[in-house]
*Asks:* 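Have a look at this one before I ask anything.
Sequence lines set the chain letters: A, B, ... in the order given, protein chains first and strands last, and positions in each chain run from 1.
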Amino acid sequence: MNQGHPGILYSQAFRKAVLNVLSSLAPEIEPVIEVPRFEGADLCLVCFPIAKVLRRPPKEIASEIGTMMEDDPRWKLEAAGGYLNCSYDPVRYATDCAHYLWSNLHDLGSIVDRPRKVIIEHTSANPNGPFHVGRARNPIIGDTLTRMFRAAGYEVGSQYWVNDMGKQVMILVWGIHNIDPALLPPPERDKADHRLVSFYQEANRRMEADPSVELEINSMLLHYERAVQEGGRDRVISGEGSAKVKASDVRDACESVLEGMKGSLADLNVFMDSFVYESAVVEDGKVRTVIEGLKRSSLCRKEGGAYYLDLSGILSGGDDDRFRKRFVFTRSDGTALYTTRDLAYHLWKLNIADVAINVLGEDHRYQSRMLGLALEELGSEKVPEALFYSFVSLPEGKMSTRRNKVVFLDDLLEEAISRARTEVLKRRSDLSGEEVDEISRKVGVGALRFNMIRVQPEKPITFRWEDALNFEGASAPFIQYSHARACSIIRKGGGPPPDEPDWGSIVEASERELLKRLVGYPLVLKECVSGRRPHLMAGFLVDCASSFNDFYRDCPVLLEGDAPRRRMRIGLCTLARDVISDGLHCLGIEAPQSM
RNA sequence: GGGCACGUAGUCUAGCUAGGACAAGGCGACGGCCUCCUAAGCCGUAUGUCAAGGGUUCGAAUCCCUUCGUGCCCGCCA
């Protein structure tokens, strides 16, 4: 795992050298060594803390430590202000970076030596209609994280927790069985989720207008839960006055809508490893077991017939009676709630994984905290981690499926791909129709995913078409373009060098900068994974592409007359190509060979 | 009422977890670069009380406190 990474090796060596001198000067001090912001040095020793202990000027200490340190062929030292700057020998370091990358090209990401089982739950949107852009960050963050864990060597599975027992779904089911399709507007897309969402929307309208509809839906919900609990999937759950609905129809409806939703995910290069249905944890008795367990808790209280955990001693905040801190886990009629089923699911999940990560909208913060507390109360030694994201909003405000004030993910994607197509056609007249299609799709999907992942999840995003579909500057196409350029050079240069080139001919600053940049890949991936900060990869790849563009500008490859140097530069292109395509792969963005 | 987030140039963001040298990019604006490996690129110019105030520190965008603004949540809904 990252053995022999030059960045780590050099900084460890520098620290050791500093420590050697410091042991005689101020043995108790732990030196502060960091990477300086400005260019011109690779590391610096911050001398202010030492100055404070020794009660001498930092500037003086910096130069004194500098002169006391033994000469090392790997670097040059220079005192500046209160800092002792360390600049690596440029050719030596670049050569080491290149050699490291070349030797590890096929397993650059691996950072764990023993696989740990990780389950990442994400998306988990109610199966009642197409995805809208408001929650589009969820599958993108979740899938990106999954890909990164996998690249880093973890054993990882992504799970979609399907809510097939909630009211939203029952509204949809009621609608499908009670509304005449002829009365509905034609669907905007021939896809199950788009076809069926109109039933959901119309059912909502009828429910708001007619209280008896809501009563019927609630009753269906109750009968459905009993049927599932008792294994009676064939049982009729609807009442006298409305169309006959069987328990199994609910699951069928969910699966139909989900088929459509899976299609949207696949279009985004998002693939789930498994779908876990809520009804499954009810059916197999997990929910019942959880309820029994919670009833034994010292925090358990009963009011009416309902049971809850009293969390007022744990959760902070005001104790006004209107804002009770209760984790209710059974209704007075004895039935379970969503949170109870969620708890059962998590208990099972934590049992089969070392780490469980949930990608959740910011509206789930409170609930997620409650869930964690309930798990602890049940004696679970593990609690899921949560990665929260803020919603994508429209310039005019929040999106809502119910009120039909949405941008559908499918529409956004289609627009992105068609916008990409016009860009491709603008530049390339030599491509076949299929090639144009393929490049447009890769660029369109990439632009979309990049835009959603580049921002820290907890920061809000306002959706604007012109930003989302901007193909210039810090964007996926910018990175893909550099990749395509590298591919083109390699192709025209006769393919990647069969053997490791002699890196000794590296002279140009932009060659060295490119290598320094690229060698950061394993470290960035590690930070993305262990810090659960997938957005860092986006910025890193922009930097890589930018460094490659500098190299491209300064260093002709195919026109280079000196054969070893030409080979070395094709080697550099190969390294850049592979690091960029690995990084893009982590982001679920395809790297075109040509564009 | 309370809890939890967020606030960085016209605009969008990085940097904040682990405080360090003049706050880094993108878009937009303006001006340049295709007889040379893909101009989705490159070069240059202009733009900032890092929301405000206080504190800790040799040093604060970063840590602490207060205030303001925005969003989310506080159901025997999911």
*Asks:* Quick one: is B:rC12 close enough that its OP1 or OP2 comes under 4.0 Å of any side-chain N or O from A:Lys459?
*Replies:* no
*Asks:* Quick one: A:His483 NE2 to B:rG41 C1', roughly how many Å, whole number?
*Replies:* 17 Å
*Asks:* A:Gln159 and A:Tyr345: side chain to side chain donor-acceptor pair (under 3.5 Å), yes or no, with the steps?
*Replies:* CA-CA 11 Å; A:Gln159 286 191 357; A:Tyr345 164 57; 2.8 Å; yes
*Asks:* Quick one: which residue pairs count as a side chain to side chain donor-acceptor pair (under 3.5 Å) with a foot in residues 453-470 of chain A, not counting sequence neighbours?
*Replies:* A:Asn451-A:Arg454
*Asks:* Do A:Asn163 and A:Arg341 meet the criterion of a side-chain donor-acceptor pair at a distance under 3.5 Å?
*Replies:* no
*Asks:* Provide the distance between the two P atoms, one in B:rA60 and one in B:rG55, to the nearest whole Å.
*Replies:* 12 Å
*Asks:* Could you work out the separation of B:rA51 and B:rG69 based on their C1' atoms and round it to a whole Å?
*Replies:* 8 Å
*Asks:* Just checking A:Arg532: does its CZ atom have more than 12 heavy atoms from other residues, nucleotides or ligands closer to it than 6.0 angstrom?
*Replies:* yes
*Asks:* For RNA chain B, find the residues of residues 435-454 of chain A with a heavy-atom distance under 4.0 Å and give them by number; none if there aren't any.
*Replies:* A:Val443, A:Arg454
*Asks:* Looking at the side chain of A:Phe478, which of B:rA78, B:rG41, B:rC37 is the nearest nucleotide?
*Replies:* B:rG41
*Asks:* Is any side-chain N of the basic residue among A:Arg15 and A:Glu30 closer than 4.0 Å to the acidic one's carboxylate O?
*Replies:* yes
*Asks:* Please collect all salt bridge (charged side-chain N to carboxylate O under 4.0 Å, His left out) contacts where either partner lies in residues 41-52 of chain A, sequence neighbours excluded, each pair once.
*Replies:* A:Asp42-A:Lys516
*Asks:* Within the pair A:Lys52 and B:rG59, is there a side-chain N or O less than 4.0 Å away from OP1 or OP2?
*Replies:* no
*Asks:* Looking at the base of B:rA21, is there any donor atom on it, or on the side chain of A:Asn85, that sits under 3.5 Å from an acceptor on the other one?
*Replies:* yes
*Asks:* In whole angstrom, give the distance that lies between atom CD of A:Glu34 and atom P of B:rG19.
*Replies:* 9 Å
*Asks:* Have a look at A:Ala474 and say if it touches a base, only the backbone sugar-phosphate, or nothing, with a 4.0 Å heavy-atom cut-off.
*Replies:* sugar-phosphate
*Asks:* Taking only the side-chain nitrogens and oxygens of A:Arg369, find out if one of them lies under 4.0 Å from OP1 or OP2 of B:rA5.
*Replies:* no
*Asks:* Return the residues of residues 529-537 of chain A meeting this criterion: a heavy atom under 4.0 Å from some atom of RNA chain B. Order them by number, or give none.
*Replies:* A:Arg533, A:His535, A:Leu536
*Asks:* Could you tell me how far apart A:Leu387 (CG) and B:rU17 (C1') are, to the nearest whole angstrom?
*Replies:* 14 Å
*Asks:* Using distance alone, with no hydrogens and no angle criterion, decide if A:Arg428 and A:Ser594 have a side-chain donor and acceptor under 3.5 Å apart.
*Replies:* yes
*Asks:* Less than 4.0 angstrom from a charged side-chain N to a carboxylate O is my criterion; do A:Glu438 and A:Arg441 meet it?
*Replies:* no
*Asks:* For RNA chain B, please output the secondary structure as dot-bracket, reading 5' to 3'. Pairs are Watson-Crick or G-U wobble, both atom distances under 3.5 Å; mark crossing pairs with [ ], other-strand partners with |, unpaired with a dot.
*Replies:* (((((((..((((......[...)))).(((((.......))))).....(((((..]....))))))))))))....
*Asks:* Which listed nucleotide (B:rG15, B:rC73, B:rC77) is nearest to the side chain of A:Lys167?
*Replies:* B:rC77
*Asks:* Atom CD1 of A:Ile461 and atom C1' of B:rC6: how far apart are they, to the nearest Å?
*Replies:* 13 Å
*Asks:* Any donor-acceptor pair under 3.5 Å linking the side-chain atoms of A:Asn358 with those of A:His364?
*Replies:* no
*Asks:* Separation of A:Arg485 atom CZ from B:rA40 atom P, in whole Å?
*Replies:* 8 Å
*Asks:* Does the base of B:rC37 carry an N or O that pairs as donor and acceptor with the side chain of A:Ser488 under 3.5 Å?
*Replies:* no
*Asks:* B:rC43, OP1 or OP2 - any side-chain N/O from A:Arg553 closer than 4.0 Å?
*Replies:* yes
*Asks:* Is it the case that atom CZ in A:Arg226 sees more than 12 heavy atoms from other parts of the structure closer than 6.0 Å?
*Replies:* no
*Asks:* Show your reasoning for whether side chain to side chain contact (heavy atoms under 4.5 Å, CB included) applies to A:Arg577 and A:Thr574.
*Replies:* CA-CA 5 Å; A:Arg577 178 196 71 179; A:Thr574 308; 3.8 Å; yes
*Asks:* Look at the side-chain N and O atoms of A:Tyr552 and state whether any lies under 4.0 Å from the OP1 or OP2 oxygen of B:rA39.
*Replies:* yes
*Asks:* Return the nearest nucleotide to the side chain of A:Arg464; candidates are B:rC42, B:rC76, B:rC12.
*Replies:* B:rC12
*Asks:* Give every pair of a protein N or O atom and an N or O atom of nucleotides 45-48 of chain B that lie under 3.5 Å apart, one pair per line with the distance.
*Replies:*
none

*Asks:* Please give, in whole Å, the distance from B:rA5 P to A:Tyr366 OH?
*Replies:* 14 Å
*Asks:* Assess whether a salt bridge exists between A:Arg427 and A:Glu423, defined as any Lys/Arg side-chain N lying under 4.0 Å from an Asp/Glu carboxylate O.
*Replies:* yes
